[in-house]
Amino acid sequence: MISETTVTIKSKFSNKFSSGYPLLFKDAILNLQDLQEEGTLLKVIDDKGRFIGKGYYGEQNKGYGWILTQKEHEAIDQDFFDRKIQDALDFRSSFFNDPNTTAFRVFNGEGDGIGGFTIDYFDGYYVINWYSEGIYTFKENVLESLDRLVEYKAIYQKKRFDQKGQYMDEDDFVTGERGEFPIIVKENGVNFSVYLNDGAMVGVFLDQREVRKAIRDQYSNGKTVLNTFSYTGAFSVFAALGGSSKTTSVDLAKRSLSKTIEQFSVNGIDYEAHDIRVMDVFNYFKYVKRNNLKFDMVILDPPSFARSKKHRFSVAKDYKDLLKEAIAITEDNGTIVASTNYAGFDMKKFKQFIVQAFKEMNGSYKLLNEFSLPKDFKTIKAFPEGDYLKVAIIKKIKG
Ligand code: SAH
């Protein structure tokens, strides 16, 4: 028998949970001291003893666990995992049937009914991300479901649940036939070189698929493009394929140079025709200003928090200033692609940063397009912070 613990919710939060909010956060729980062993099944009740839901204990950022069902008689068993994962697979059937896109998210945590883990698909390989020790105790259930429901070449996993919520380094292979990496996956016909056994990041962030497509198909033809915080240069590759006259990719990490060369090369693009720089973006901005350079398009996709030798950057505090840097080096009638995956504010707040940045630059702009998560990153209305991606494509009129 798996043990079950009862968790009591403070009265002021019972409505929130009754209407489907799935994340058990610290402030809401009256008896935190009863949470002892990660993975314990929880019965969640209000302070009058009324049933709210069932879930499990697993610490993840601000969360202490997830509610998985609001039905008192629904068991959290193998059948439950099978049903949720089957529904998730069905929801992505159009992706499985599209030969031009062979990398996408198959299971998106609470968006698909079980918070705490995700599954991504890379051309026959499945990668599970575990965000707490608690959900990891259900590993055999998830593997069993995948065994029953899909054919796979292999399954890999990323454990992201040490104290800091960071990736824990180890051999990520779980089962199947070990891959030889890189494997080449496709996204809207474009190749990505992907490594599933080499750290938490595999080479591409799948949630930006629609933005990359828009950059290629609508915004980059004939344009000079600056891609900041470029990682493996995914935006640059799409811009180059869309007819950009030259891309410049800037990232602090040394690995970004060889990785970006690789992504250009697997798409038959001559990387020497493009500029790839390993340096601090903030120093690059200074260099650009000193030399009076301007770009037709500037892409901003910083991490939520970053620290380099000289700079400490947090999206919440510094995005407006980052935008001002971009405005200063974008040609009039040029485009700024402003992106953030920071869950701490919503699109409305993000747009206020844009308004404020242009105001402080005495500039003006037009919002051309906006994006949030693509369909395979399924979210639920009851958990708006799960819908973390915000991208605005802006035309700078002047500034
Ligand atoms: N835009 C990328 C993903 C960015 S991930 C894509 O679409 O694939 C964030 C990247 O920012 C990391 O590669 C990290 O090395 C880089 N980075 C963090 N701080 C930086 C800084 N101050 N200057 C340049 N790059 C930085």
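In each ligand, atom 1 is the first atom listed, and ligand 1 is the first ligand listed. None of the values given here were measured: they were computed from a predicted structure.
In this structure, Y319 has its ring center closer than 6.0 angstrom to the ring center of F350. Side-chain rings of F353 and F345 approach one another, their centers coming within less than 6.0 Å. Two rings, from F13 and F25, have their centers less than 6.0 Å apart.
With a heavy-atom cut-off of 4.0 Å, M279 touches ligand 1 through its backbone alone. At a 4.0 Å heavy-atom cut-off, ligand 1 does not touch F313 at all.
Taking a cut-off of under 4.0 Å to the non-hydrogen atoms of A306, the atoms of ligand 1 that pass are 18 (C), 19 (N). Near A253, meaning under 4.0 Å from any of its heavy atoms, are these atoms of ligand 1: 15 (O).
A cation-pi geometry, defined here as NZ or CZ lying under 6.0 Å from the six-membered ring centre and within 45° of its normal, holds between K259 and Y195.
Annotation: Q208 places no N or O atom under 3.5 Å from an N or O atom of ligand 1; distance criterion only. Checked by distance only, ligand 1 and R212 stay at 3.5 Å or farther apart across all their nitrogen or oxygen atoms. Any N or O atom pair closer than 3.5 Å counts here, and D251 shares at least one such pair with ligand 1. For ligand 1, the polar-atom distance check against V281 finds a nitrogen or oxygen pair separated by under 3.5 Å.
Atom 2 (C) of ligand 1 has F229 O, 3.3 Å as its closest protein atom, hydrogens excluded (heavy atom only).
Ring pair F229/F313 is tilted by interplanar angle, where 30° to 60° counts as tilted.
Of the candidates F192, Y231, F235, F205, the one placing a heavy atom closest to atom 7 (O) of ligand 1 is F235. Between atom 24 (C) of ligand 1 and the options L300, L252, V211, the minimum heavy-atom separation is to L252.
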